[in-house]
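Here is the structure we will look at, set down as structure tokens.
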There are 2 protein chains.
Amino acid sequence: MSLTHTILGFLSWKPFTGYELKKLFSETDFIYWSGNNNQIYKSLVQLSSEKLVTREVVQQDSLPAKKIYHITDKGRKELHDWASSSPEFAQVKNTFLMQLAWSGELNDRELSNLIGEYQYEVEMRLAMCRTKLERRTVLPDRTEREEYIWEMLWQKEIDYLKGELNWLVKLSQGVVKRSGK
Amino acid sequence: MSLTHTILGFLSWKPFTGYELKKLFSETDFIYWSGNNNQIYKSLVQLSSEKLVTREVVQQDSLPAKKIYHITDKGRKELHDWASSSPEFAQVKNTFLMQLAWSGELNDRELSNLIGEYQYEVEMRLAMCRTKLERRTVLPDRTEREEYIWEMLWQKEIDYLKGELNWLVKLSQGVVKRSGK
DNA sequence: TTAACCATGTAAAAAGTTACATGATTGT
DNA sequence: ACAATCATGTAACTTTTTACATGGTTAA
């Protein structure tokens with residue numbers, strides 16, 4: 001599971017709480033994990049037990065105690081080893097494409113509706129992605145190479161979404177041309 | 001789960017056995033499911049119990065009996081309803097991008113190695129995808145619109161892989177330019 | 001006063017992967 | 001002799017999702 005490694009990655013920048021990690025996950029679009037509570041808190045317990053992180057408990061009045069996690073040297077080593085290990089091919093789970101694949105029984109209106117809904121969704125994502133890119137807080141102490149890679153990762157996401165839109169527009173046109181009416 | 005719906009989709013073309021469905025899954029690249037035995041046979045049992053498919057048992061000498069599944073009218077209705085329902089946004093799980101995101105501690109050789117391995121993987125996929133596209137058996141009784149959509153789905157997959165390669169080449173160049181040596 | 005934010009977690013269910021199990025036939 | 005194809009399934013495990021549970025603070 002690379003959720004634990006992604007957490008180690010964030011902690012390699014600076015210490016965070018579970019709550020902050022959850023936000024980081026949702027702010028970084030090219031990381032797919034829902035980052036739901038269950039997974040994050042469980043992963044942190046696991047990472048602690050493996051001595052890859054340590055926890056620092058900070059009491060707050062009137063708010064529950066914060067648990068700030070710090071990466072250990074062992075954790076940094078684990079992160080390095082994982083980052084340099086053989087990559088797996090990306091998994092894309094796109095049920096919309098399957099809906100299209102079996103849209104044979106849909107009428108023209110239903111089909112254009114389906115495509116339109118997906119297009120709207122992609123447009124929202126693109127707008128959100130651009131906003132997040134602008135608002136992102138770039139941490140110091142990063143090499144030029146690292147910053148370049150993150151720039152490329154964001155750009156990839158934006159290009160992907162733009163590509164989706166282009167494809168959807170082309171598809172709509174092709175479908176209209178072949179419409180039953 | 002849309003695995004059951006994808007099975008219904010294939011069965012809407014013509015009846016198949018579980019074994020044949022497993023092959024169809026692996027032959028269609030834009031469907032991500034591994035289509036492992038467990039899931040397919042379990043899904044078929046479930047679909048049967050919901051009366052969305054019926055099973056026909058064909059005895060064979062010296063080979064185990066085939067179970068051929070047929071879609072029912074109820075199954076066709078379910079397929080139609082699913083295909084016209086609101087689409088969800090695609091989920092992309094790309095751990096390679098996360099490895100890149102935390103490649104800060106890798107040296108130049110390790111990083112170029114990582115990128116090179118992924119590039120090789122994408123090239124293999126692209127070659128396989130093109131082969132599958134050529135060899136695919138197009139079933140009759142499909143409208144022009146349906147054929148057009150399948151054409152577009154295959155093209156999308158190929159364009160995606162080509163886009164990945166272009167991005168990787170650009171990334172490699174940018175990384176070399178910023179190399180430590 | 002209502003929603004969002006801060007901050008932690010648990011329980012149960014669903015989905016998905018990997019390995020195991022059987023066994024004949026056909027092609028290289 | 002070995003691998004691939006045909007054909008079914010089960011068991012154990014891991015991963016992921018969804019819902020539940022608590023409760024104070026802050027801003028519109």
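Order of the sequence lines sets the chain letters (A, B, ...), proteins ahead of strands, with each chain counted from 1.
Side-chain nitrogen and oxygen atoms of Y19(B) include at least one within less than 4.0 Å of the OP1 or OP2 phosphate oxygen of dC6(D). Residue K22(A) places no side-chain N or O under 4.0 Å from the OP1 or OP2 atom of dC6(C). In this model, the phosphate group of dG9(D) is not approached by any side-chain N or O of Y41(B) to a distance below 4.0 Å at OP1 or OP2. In this model, the phosphate group of dG9(C) is approached by a side-chain N or O of K67(A) to a distance below 4.0 Å at OP1 or OP2. The phosphate of dC6(C) has neither OP1 nor OP2 within less than 4.0 Å of any side-chain N or O from T17(A).
Rounded to whole Å, the distance from CD on E20(B) to C1' on dC6(D) is 10 Å. If you measure from atom CZ of F16(B) to atom C1' of dC6(D), you get 16 Å, rounded to the nearest angstrom. One can place CZ of R55(B) at 16 Å from P of dA7(D), the figure rounded to the nearest angstrom. Atom CD of E56(A) is separated from atom P of dT8(C) by 12 Å (rounded to the nearest Å). We find that CG of L44(B) is positioned 15 Å from P of dA7(D), with the value rounded to whole Å. Protein atom CG of L24(A) is 13 Å distant from nucleotide atom P of dA7(C), rounded to whole Å. Note: NZ (K66(B)) to P (dT8(D)) measures 8 Å, nearest angstrom.
Among residues at least two apart or in separate chains, salt bridge (Lys or Arg N to Asp or Glu O under 4.0 Å) pairs with a member in residues 18-29 of chain B are D29(B)-K132(B).
Salt bridge annotation for K14(B)-D141(B): absent, with no cationic side-chain nitrogen under 4.0 angstrom from a carboxylate oxygen.
Evaluation of the side chain to side chain donor-acceptor pair (under 3.5 Å) rule for N38(B) yields no partner, not counting sequence neighbours. S12(A) is linked by a side chain to side chain donor-acceptor pair (under 3.5 Å) to nothing, counting only residues two or more places apart in sequence or in another chain. Judged as a side chain to side chain donor-acceptor pair (under 3.5 Å), and not counting sequence neighbours, the contacts of Q155(B) are D159(B). The salt bridge (Lys or Arg N to Asp or Glu O under 4.0 Å) test applied to E78(A) returns no partner, not counting sequence neighbours. With sequence neighbours left out, E88(B) forms a side chain to side chain donor-acceptor pair (under 3.5 Å) with no residue at all.
If one axis is set at each end of the helix from dT1(C)-dA28(D) to dT28(C)-dA1(D) from five pairs, those axes are 50° apart, to 10°.
In this structure, M128(A) shares a hydrophobic cluster with no other residue, the cluster being traced through Ile, Leu, Val, Met, Phe, Trp and Tyr side chains under 4.5 angstrom apart. Its side chain outside the 4.5 Å cluster rule for every partner, V45(A) clusters with none of the Ile, Leu, Val, Met, Phe, Trp and Tyr residues. Other members of a hydrophobic cluster containing V169(B) are absent, since no ILVMFWY side chain comes under 4.5 Å of it, directly or through relayed contacts.
Using modelled atom types and a 3.5 Å distance limit, the side chains of N113(A) and E110(A) yield no donor-acceptor pair. With no hydrogens or angles considered, a side-chain donor-acceptor pair links R55(B) and Y69(B) at under 3.5 Å.
Side-chain proximity of Q60(A) to the nucleotides dC6(D), dG9(C), dA7(C) is greatest for dA7(C).
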Show each protein N/O and nucleotides 12-22 of chain D N/O combination with a separation under 3.5 Å, one pair to a line.
residue : atom : partner : partner atom : Å
dT16(D) : OP1  : Y32(A)  : OH           : 3.0
dT16(D) : OP1  : K93(B)  : NZ           : 2.5
dT17(D) : OP2  : S34(A)  : OG           : 2.9

Contact string for nucleotides 23-28 of chain C, one letter per nucleotide 5' to 3', B = base within protein heavy-atom range under 4.0 Å, S = sugar-phosphate only, - = neither, reads BSS---
